[in-house]
Amino acid sequence: MERKELLYEGRDKKVYATDDPEKLIVSYKDDAIAQNGKKKGTIRGKGVINNRITNVLMQLLEKQGIPTHFVQQLDERETVVRKARMIPLKVIVRNIVAGSLSTRVGQPEGTRLKSTILEYRYKDDVLGDPLINQYHAFALEICTPEELATIDRYALRANGILKECLQELDITLVDFKLEFGRLSDGTIVLADEISPDTSRFWDTRTGEKLDKDRFRRDLGGTEDAYQEVLNRLIGSM
Ligand code: C5P
């Protein structure tokens, strides 16, 4: 597969066209940004680790019946994916109170939730990805009710699969973010990434954070934590 022109450069990834109009190449960067751009840095080796972690988890979900954009890993930083028109939604799934939810509802981090929470953010850098609900999504024509029903189903099923897989590796899945796109025929697929950049992973035994909160909160050891997640995932295969 040949890499052609750069189509898009985001905070964490670059996306290239290929010689196949239905396929793209994603290239993971080491750049790290938090607090909506106010905090910038580099996490050495992050791109390589997140490429691997995302691909392992996408393949796991695909095997369990969730359609994803994953096609094939090209090299340590790059992956071929199916071209999808992205839906500008960040779908957040929460099992335990942490991060912005902790602030919003005044409950300490680590509080167990009686049931899973699904949240939607409207993906817009300038607006800082505001929280919206399903009424906004339909009224603003971000997606249709049918599409959102599919997205919710995939997000909740992904939560069950990932929670169980990670629990076996002594990793507690606190929360995570998913993004979805439409293939040319309108099929909804899981796209973007699933990594310590977009999830909260806590070591089940020690409670240690194995995710981007290490960078966001200046805890140090970010790269080692990401590598630890990958090592446990690979060790399990
Ligand atoms: O910050 P907050 O607590 O709302 O984040 C919830 C989850 O969504 C975390 O796992 C975080 O990494 C992820 N997230 C993300 N991109 C954002 C906001 C949150 O991946 N822009």
Side-chain angles (χ1 to χ4, degrees), residues 8-13 26 28-29 31-41 43 46-47 49-51 53-54 57-58 61 68-69 86-113 115-133 137 142 151-152 154-156 158-159 161-163 165-167 171-181 190-204 207-219 222-223 225-226 229-230:
Y8 165 82
E9 177 159 4
R11 294 169 173 187
D12 303 295
K13 297 185 282 299
V26 177
Y28 286 76
K29 309 197 292 187
D31 300 352
I33 289 177
Q35 293 152 14
N36 201 29
K38 284 192 227 87
K39 184 177 171 69
K40 290 192 176 123
I43 302 170
K46 171 177 93 99
I49 298 171
N50 283 352
N51 187 34
I53 292 177
T54 295
L57 297 178
M58 287 278 179
L61 296 176
T68 77
H69 73 164
M86 293 302 292
I87 297 170
L89 270 188
K90 293 189 172 180
V91 179
I92 293 160
V93 185
R94 299 181 184 272
N95 296 306
I96 295 173
V97 174
S100 72
L101 179 66
S102 170
T103 315
R104 199 173 341 126
V105 300
Q107 297 261 344
E109 285 207 317
T111 308
R112 295 245 157 215
L113 293 165
S115 52
T116 307
I117 294 178
L118 267 191
E119 288 172 359
Y120 312 108
R121 288 186 178 274
Y122 176 47
K123 208 179 146 164
D124 186 307
D125 276 348
V126 176
L127 301 175
D129 299 337
L131 266 184
I132 59 166
N133 66 30
I142 293 167
I151 286 171
D152 286 359
Y154 290 163
L156 292 173
N159 184 44
I161 297 164
L162 294 174
K163 213 165 49 170
C165 157
L166 292 166
Q167 201 52 69
I171 295 172
T172 302
L173 179 60
V174 175
D175 56 36
F176 61 104
K177 184 263 302 174
L178 298 176
E179 295 185 29
F180 294 86
L190 178 59
D192 197 57
E193 66 179 285
I194 311 171
S195 72
D197 268 1
T198 62
S199 315
R200 285 196 174 91
F201 297 141
W202 292 353
D203 186 294
T204 308
E208 197 190 352
K209 297 184 197 312
L210 302 173
D211 57 57
K212 195 173 176 183
D213 276 347
R214 301 204 73 82
F215 171 79
R216 295 186 188 107
R217 302 177 189 187
D218 294 319
L219 300 176
T222 309
E223 191 203 343
Y226 283 37
V229 173
L230 177 58

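Ligands are counted one by one from 1 in listed order, and the atoms in each one are counted from 1 as well.
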Sub-4.0 Å protein heavy atom next to atom 18 (C) of ligand 1: no
Ligand 1 contact by Val174, heavy-atom criterion under 4.0 angstrom: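 No.
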By number and element, which atoms of ligand 1 are closer than 4.0 Å to a non-hydrogen atom of [X]?
X: Ala98; result: 3 (O)
X: Asp129; result: 21 (N)
X: Thr198; result: 10 (O), 12 (O), 13 (C), 20 (O)
X: Gly99; result: 3 (O)
X: Ser199; result: 10 (O), 12 (O)

Polar atom proximity, Lys177 to ligand 1 (N or O, under 3.5 Å):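 Lys177 vs ligand 1: no N/O contact under 3.5 Å.
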N/O separation below 3.5 Å, Glu119 to ligand 1: no
Between Tyr28 and Asp197, a side-chain donor and acceptor under 3.5 Å: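 On atom types as modelled, these side chains do not qualify, holding no pair under 3.5 Å.
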Lys212, Lys90, Arg216, Arg200: member with heavy atom nearest to atom 5 (O) of ligand 1: Arg200
Per-residue contact class, Ser100 against ligand 1 - non-hydrogen pairs under 4.0 Å: both
Atom 10 (O) of ligand 1: the protein heavy-atom neighbour that sits closest, reported with distance to 0.1 Å: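 Of the protein heavy atoms, Asp175 OD1, 2.6 Å lies nearest.
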Residue Arg217 excluded, over 12 heavy atoms near CZ under 6.0 Å: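 Yes, the 6.0 Å shell around CZ holds more than 12 heavy atoms from other groups.
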Residues, nucleotides or ligands: over 12 heavy atoms within 6.0 Å of Lys39 NZ: yes
Audit row: Lys90, Glu119, salt bridge (charged side-chain N to carboxylate O under 4.0 Å, His left out) steps and yes/no: CA-CA 8 Å; Lys90 293 189 172 180; Glu119 288 172 359; over 6 Å; no
Working for salt bridge (charged side-chain N to carboxylate O under 4.0 Å, His left out), residues Arg11 and Asp125: CA-CA 10 Å; Arg11 294 169 173 187; Asp125 276 348; 3.5 Å; yes
